[in-house]
Asks: 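Right, I'll just put the structure down here and ask away after.
Residues: numbered from 1 along the sequence shown.
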Amino acid sequence: MAFAELLRQSEFPISSEQVTDFLKAVALLGPRSMDHLFDAARATFGPSPDRRQEFALLFRRHFYGEVDGPDDGVKGGMARRGDADDAVARRARDVRREKGGTLSSADEVLAARDWDDDDEGRGALSRFRRLLGRSLPVRASFRTVPARARGQLDLRRSLRTLVRTDGDIPRPRLKRRKRVQRNLLLLIDISGSMKLYTADYLKVAHAIVQGADRAEVFTLGTRLTRITAALRPASPIQALERVSHCVADWDGGTRIGSSLGALVATPRFAAFARGAAILILSDGLERGSHEEMERAIRQLARRAFRLTLATPLAADPQFQPETAALRGILPVLDDLIDGSSISSLTRFILALGAPGAVARNKGKREQCDR
């Protein structure tokens with residue numbers, strides 16, 4: 001666990017599930033040697049090729065206690081990276097109050113949250129859950145189903161019918177590609193600056209998991225956590241209690257870039273984004289390097305069917321994306337919408353599957369049809 005924290009401090013994108021997989025791999029391997037431990041760490045954390053040498057150096061420093069690495073070039077690079085990290089940390093500690101939000105910083109704070117049994121919005125979410133199944137966008141699957149008309153010739157079924165009826169077939173059998181729901185990927189910012197909206201976002205996430213065929217939910221703070229399984233219980237209070245136990249970084253700092261980087265760097269998580277409607281619920285107030293956030297969101301945009309940022313700051317009619325991070329990701333966003341209330345979010349999600357749904361992106365001159 002301490003090695004995973006060391007990797008996070010060195011800006012490696014590490015998710016909670018990767019840490020769990022690493023511990024499971026260690027248990028399965030024995031381990032019989034330190035080489036087994038290193039192989040398990042490299043396989044589960046998956047460092048990028050350009051940082052594998054740095055990963056090996058951190059491993060030896062942590063598990064062997066080595067202070068100096070064998071490669072002076074890597075050591076110098078590590079020193080320079082450490083200096084940069086200190087500068088970023090110093091800037092992050094100068095916390096200032098943002099318009100429309102609470103305090104936002106990059107410091108990690110581990111905390112738990114309790115949830116009250118609040119009836120507000122329960123009826124609206126119940127209706128939203130019932131309408132969700134037929135309102136989300138769909139795609140053509142590679143599987144086929146029988147068709148009465150307007151289909152392709154199903155040669156296999158037609159030949160089976162010919163054999164069964166001794167060559168007498170009233171009409172050829174037809175088939176068409178099955179239509180299945182696209183993945184809906186929800187990424188919820190649970191940092192301190194989004195504290196006022198976290199409960200509502202999780203209620204919407206619970207309704208989505210209950211009503212959609214294909215949905216995945218993650219939380220973003222100072223780390224990435226998958227909470228889809230925790231939202232499976234039908235009772236909202238029970239689901240939120242399970243979420244509160246599996247997420248450790250409530251109301252802490254904001255590291256959107258590293259959290260999204262962990263998502264795209266983990267193959268089975270990145271597969272969720274392929275062809276999906278991705279909805280990021282965040283104010284976009286990145287306290288780390290905005291370049292890392294831009295890079296991760298561009299990678300998500302290349303995989304996604306539709307990429308949306310819902311920010312509570314957009315509730316203000318005078319809002320314009322003026323921060324460096326928002327300006328950098330604006331060209332790859334399909335939508336930049338108001339995320340200040342349950343009603344605005346549910347209306348947008350229910351309109352995702354409408355034919356010719358218009359993308360709404362503040363700051364773009366042109367509107368596009370999907």
Asks: Scan side-chain atoms only and decide if Glu294 and His290 contain a donor-acceptor pair under the 3.5 Å cut-off.
Replies: yes

Asks: Ile208 versus Phe128: any side-chain heavy-atom pair under 4.5 Å?
Replies: yes

Asks: Say you draw a straight line from CG of Asp338 to CG of Leu345; how long is it, rounded to the nearest 0.5 Å?
Replies: 7.5 Å

Asks: Under 3.5 Å, which donor-acceptor pairs do the side chains of residues 307-315 form with other protein atoms, sequence neighbours left out?
Replies:
from: Thr308; atom 1: OG1; to: Asp335; atom 2: OD2; distance (Å): 2.9
from: Thr311; atom 1: OG1; to: Leu313; atom 2: N; distance (Å): 3.2

Asks: Do Ile349 and Val204 make a side-chain contact, defined as non-hydrogen atoms from C-beta onward lying under 4.5 Å apart?
Replies: yes

Asks: Rounded to the nearest 0.5 Å, what separates atom CG in Leu231 from atom CG in Leu240?
Replies: 7.0 Å

Asks: Tell me, please, whether Phe55 has Arg52 positioned over its six-membered ring: NZ or CZ under 6.0 Å from the ring centre and within 45 degrees of its axis?
Replies: no

Asks: Specify the closest pair of heavy atoms between Ala215 and Thr228, including all atoms of both residues, with the distance to one decimal.
Replies: O-CG2, 3.6 Å

Asks: Quick one: salt bridge (Lys or Arg N to Asp or Glu O under 4.0 Å) partners of Asp213, sequence neighbours excluded?
Replies: none

Asks: Under the ring pair (Phe, Tyr, Trp, His ring centres under 6.0 Å) test, which residues partner Phe63, sequence neighbours left out?
Replies: Phe3, Phe59

Asks: Please lay out, stage by stage, how Arg223 and Ile14 fare under the test side-chain contact (heavy atoms from CB on, under 4.5 Å).
Replies: CA-CA 7 Å; Arg223 57 184 66 178; Ile14 304 297; over 6 Å; no

Asks: Working to the nearest 0.5 Å, report the span between CG of Asp154 and CZ of Arg160.
Replies: 7.5 Å

Asks: What is the minimum heavy-atom distance between His62 and Ala2, and which atoms define it?
Replies: CE1-CB, 3.6 Å

Asks: Any heavy-atom pair between the side chains of Cys246 and Ile227 that's under 4.5 Å?
Replies: yes

Asks: Charged N to carboxylate O under 4.0 angstrom, Glu54 versus Arg51?
Replies: yes

Asks: Closer than 3.5 angstrom, by distance alone: can the side chain of His206 be matched with the main-chain N or O of Pro233 as a donor-acceptor pair?
Replies: yes

Asks: Assigning hydrophobic clusters by single linkage (Ile, Leu, Val, Met, Phe, Trp, Tyr; side-chain heavy-atom cutoff under 4.5 Å), is Val19 placed with Leu28?
Replies: no

Asks: Determine whether Leu174 and Leu162 fall in the same hydrophobic cluster, where Ile, Leu, Val, Met, Phe, Trp and Tyr are linked whenever their side-chain heavy atoms lie under 4.5 Å apart.
Replies: no

Asks: Can you see which heavy atom on Ala207 is nearest to which on Arg129, and at what distance?
Replies: O-CG, 3.7 Å

Asks: Quick check: do Lys195 and Trp250 have side-chain heavy atoms less than 4.5 Å from each other?
Replies: no

Asks: Which residues satisfy the salt bridge (Lys or Arg N to Asp or Glu O under 4.0 Å) test with Arg214, sequence neighbours excluded?
Replies: none

Asks: Please set out all donor-acceptor pairs under 3.5 angstrom arising from side-chain atoms of residues 259-282, sequence neighbours excluded.
Replies:
from: Ser259; atom 1: OG; to: Arg255; atom 2: O; distance (Å): 3.0
from: Thr266; atom 1: OG1; to: Ala262; atom 2: O; distance (Å): 2.8
from: Ser282; atom 1: OG; to: Asp189; atom 2: OD2; distance (Å): 2.8
from: Ser282; atom 1: OG; to: Gly284; atom 2: N; distance (Å): 3.0

Asks: Evaluate ring-ring contact (aromatic ring centres under 6.0 Å, His included) for Phe45 paired with Phe22, printing each intermediate quantity in order.
Replies: CA-CA 7 Å; Phe45 293 130; Phe22 172 57; 5.1 Å; yes

Asks: With no hydrogens and no angle check, just 3.5 Å: does a side-chain donor-acceptor pair link Ser158 and Thr161?
Replies: no

Asks: Looking only at heavy atoms, which two atoms of Gly339 and Tyr197 are closest? And how far apart?
Replies: O-CD2, 4.5 Å

Asks: Would you check, one step at a time, whether the test side-chain contact (heavy atoms from CB on, under 4.5 Å) holds for Val217 with Arg226?
Replies: CA-CA 6 Å; Val217 185; Arg226 180 174 179 255; over 6 Å; no

Asks: Counting only N and O atoms by type, is there a donor-acceptor contact under 3.5 Å from the side chain of Tyr201 to the main-chain atoms of Ile190?
Replies: no

Asks: May I have the step-by-step check of side-chain contact (heavy atoms from CB on, under 4.5 Å) for Val163 and Leu159, ending in yes or no?
Replies: CA-CA 6 Å; Val163 172; Leu159 288 176; 5.6 Å; no

Asks: Hey, does the side chain of Gln18 reach the backbone of Ser15 with a donor-acceptor pair shorter than 3.5 angstrom?
Replies: yes

Asks: If you look only at distance, which donor and acceptor atoms sit under 3.5 Å apart when one is on a side chain in residues 130-149 and the other is two or more places apart or in another chain?
Replies:
from: Arg130; atom 1: NH1; to: Ser126; atom 2: OG; distance (Å): 3.1
from: Ser135; atom 1: OG; to: Leu131; atom 2: O; distance (Å): 2.7
from: Ser141; atom 1: OG; to: Arg143; atom 2: N; distance (Å): 3.1

Asks: To the nearest 0.5 Å, how far apart are NZ in Lys175 and CZ in Arg156?
Replies: 8.0 Å

Asks: If you measure from CZ on Arg8 to OG on Ser10, what distance do you get to the nearest 0.5 Å?
Replies: 12.0 Å

Asks: Using every non-hydrogen atom in the two residues, find where Val209 and Arg232 come nearest and quote the distance to one decimal.
Replies: CG1-NH1, 3.5 Å

Asks: How many angstroms lie between CZ in Phe218 and OG in Ser16, if you round to the nearest 0.5 Å?
Replies: 10.5 Å

Asks: Quick check on the hydrophobic clustering: are Phe38 and Met1 connected, directly or via other members, by side-chain heavy-atom contacts under 4.5 Å?
Replies: yes

Asks: Is a side-chain donor or acceptor of Asn183 paired with a backbone partner of Leu185 at a separation under 3.5 angstrom?
Replies: no

Asks: Among side-chain atoms of Asp50 and Ser48, is any donor-acceptor pair under 3.5 angstrom?
Replies: yes

Asks: Could you go step by step and tell me if Arg327 and Glu322 meet the salt bridge (Lys or Arg N to Asp or Glu O under 4.0 Å) rule?
Replies: CA-CA 6 Å; Arg327 287 200 306 268; Glu322 296 178 351; over 6 Å; no

Asks: Is there a side-chain contact between Leu224 and Thr219 (heavy atoms, below 4.5 Å)?
Replies: no

